[in-house]
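Here is the structure we will look at.
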2 protein chains.
Amino acid sequence: MQDSHTSESTQSNIEEAIVSGILSARIRPGTRLSENQLASVFGVSRTRVREAMMRLETRGIVTVSPRRGWFVVEPSAEEAMTVYEARRAIESGLLRGMRALTDEGRTVLVSHLEEEKAAMAAGDRQRLTCLMGDFHIRIAELGGNPILVDILRDLTARTILISMLYQSEFHAVQSHEGHCRIFGAMAAGDFVKAAELSVEHLDEVETGLDLTTRPDPLSELRSSLSLPPRTVSSRPSGTRKTATSKEK
Amino acid sequence: MQDSHTSESTQSNIEEAIVSGILSARIRPGTRLSENQLASVFGVSRTRVREAMMRLETRGIVTVSPRRGWFVVEPSAEEAMTVYEARRAIESGLLRGMRALTDEGRTVLVSHLEEEKAAMAAGDRQRLTCLMGDFHIRIAELGGNPILVDILRDLTARTILISMLYQSEFHAVQSHEGHCRIFGAMAAGDFVKAAELSVEHLDEVETGLDLTTRPDPLSELRSSLSLPPRTVSSRPSGTRKTATSKEK
DNA sequence: TATGGCTATCTTGCATACAAGACGGGTAAG
DNA sequence: CTTACCCGTCTTGTATGCAAGATAGCCATA
């Protein structure tokens, strides 16, 4: 709501402005991000825009098509599954390792769930998308581990892009109930249960996607030509296979 | 062994060369990374070096001290605990979600454990450090989720930096046995057990650190001046608090 | 009409130039 | 001897310029 302030505060908000735009479902997957445009919007030179892009690229949020442009990632169906799998692993591990819920934490979650309910009542789908992702980030924040928070924030951003691509209808009620159940287990101090519920919940959301609709209509063509079906990684370039111990 | 090839293959190996150097314990925490030096070593201009640095910064591997230089991170004791906590969460979540061990996977792990044993016999501490980290990356690779692999690779790099800072004596035997136990559980198909063992193992390793020795000898001074005790995050700058839903 | 090639334009890739700040050594004053 | 200050040097920060490639539209041709 308050971005696009062109000249004021010439920090490197570019990166977070974009992530924030994605987290709030204002930026769609596949959106073109022109270096020149961003540079003029933010009142800086291309250099800083490129820095932000590179950072976002290593965070798995944008991709560059050489000499064609930067684009917000459009996760393939395979990538989508990978993201959900990663989230299941991390979030369940996070919850299992949690100690207890402080009063403050309880308050945060309760008020968050209230917000969800309010948004559902208002029928504000965009806000709802945003909140549904936020719930998980909130939990991560409660865990108190900033590394996991950052990781999950980026995965949540990707998740939102995924849902913008593959989510035909929004099972908001189901998600909200899932969140309530998770909170219930946490409030009861049963974090093992919370972890299990979290996995279930993510499974449900993933199942609710229509991963058969291909946003890449060339995929079957691509595969019939036996080209690599699009590399799936959280990292861009040939980062695959970092020299691990044995160097040939 | 095969880096520092100055002119040949002017790709963007810079990033992975550094990560690889850390993973193999050849680059120590706190190492200064001069843009000019790297530029001449890799035969490129500072621009590309800076790109690599920025990427490594978002990966939590290097830090920049404004107008002073880039440095390989020196995790504080607090950060060290955060890293281990994150690894416990992720690795246990990963293992719990694993299906089964393929024959190929079994082979990979067995031969890896053989290598560990050989390195122990040879007393090659550097190689051992490298292998100890690699074991966990191998497991992640077996999981087949490239996102988790990348995350764990970076966390492993940080772990190695941590052990270079805080590990007084190397409990290689203990670690190796931990790995063997984890493998045993995996081979038996008991991934829940493997996850539990993995948590235990990481706990042991963390306990084996001497997190009281402060590589930042100013910390008590810093704290007595009530300055923030050094920000702990996987992300550098004011990335904290990405606009989540409620914008003000 | 359909097709092949050419060019104009727009994109990023990369290097370079210059500015701004940090640091260290020297020097002079106390 | 200690302290304060100044300046040269080295570092990164940022903008800009140019090159290389990609794309789209146009035109000639079959």
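Predicted, not measured: the structure shown is a model, and the values here were computed from it. Numbers restart at 1 for each chain; the letters A, B, ... are given by sequence-line order, proteins then strands.
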Interatomic distance, A:Met54 CE vs C:dC14 P [rounded to whole Å]:
8 Å

Report the distance from atom CE of A:Met53 to atom P of C:dG13, rounded to the nearest whole Å.
12 Å

What is the distance from CZ of A:Arg46 to P of C:dT16, rounded to the nearest Å?
16 Å

By side-chain hydrogen bond (donor to acceptor under 3.5 Å, both in side chains), which residues pair with B:Thr159, not counting sequence neighbours?
B:Arg87

Using the test side chain to side chain contact (heavy atoms under 4.5 Å, CB included), find all partners of A:Ala89 that sit at least two apart in sequence or belong to another chain.
B:Leu148

What is the distance, to the nearest angstrom, from the CZ atom on A:Phe71 to the P atom on D:dA22?
13 Å

Scan residues 133-158 of chain B for pairs that pass ring-ring contact (aromatic ring centres under 6.0 Å, His included), counting only residues two or more places apart or in two chains.
B:His112-B:Phe135, B:Phe135-B:His179, B:His136-B:His179, B:His136-B:His201

Side-chain N or O of B:Arg50 versus OP1/OP2 of D:dG13: is the shortest distance under 4.0 Å?
yes

Under a 3.5 Å distance rule, please check whether A:Gln126 uses its side chain to pair with a backbone N or O of A:Ala25 as donor and acceptor.
yes

What's the closest nucleotide to the B:Ser45 side chain, out of C:dA15, C:dG13, D:dT14?
C:dA15

Counting only side-chain N and O atoms of B:Thr47, is one of them less than 4.0 Å from OP1 or OP2 of C:dC14?
no

B:Glu85 meets the side-chain hydrogen bond (donor to acceptor under 3.5 Å, both in side chains) criterion, sequence neighbours left out, with A:Asn145

Side chain to side chain contact (heavy atoms under 4.5 Å, CB included) partners for A:Met98, two or more places apart
A:Leu94, A:Leu95, A:Ile139, A:Leu142, A:Met186, A:Phe191

In whole angstroms, how far is the P atom of C:dT12 from the CZ atom of B:Arg48?
17 Å

Which residues share a side chain to side chain contact (heavy atoms under 4.5 Å, CB included) with B:Ser34, sequence neighbours left out
B:Arg32, B:Asn36, B:Gln37

Between C:dA15 atom C1' and B:Phe42 atom CZ, what is the distance in whole Å?
18 Å

Within residues 28-35 of chain B: residues closer than 4.0 Å to DNA chain D (heavy atoms):
B:Arg32, B:Leu33, B:Ser34, B:Glu35

Does B:Arg26 reach the side chain of B:Ser20, with side-chain heavy atoms less than 4.5 Å apart?
yes

Under the side chain to side chain contact (heavy atoms under 4.5 Å, CB included) test, which residues partner B:Val72, sequence neighbours left out?
B:Ile22, B:Ile27, B:Thr31, B:Leu33, B:Leu161

Between protein and nucleotides 22-24 of chain C, what N or O pairs are separated by less than 3.5 Å?
residue, atom, partner, partner atom, Å
C:dC23, OP1, B:Arg68, NE, 3.4
C:dC23, OP1, B:Arg68, NH1, 3.2

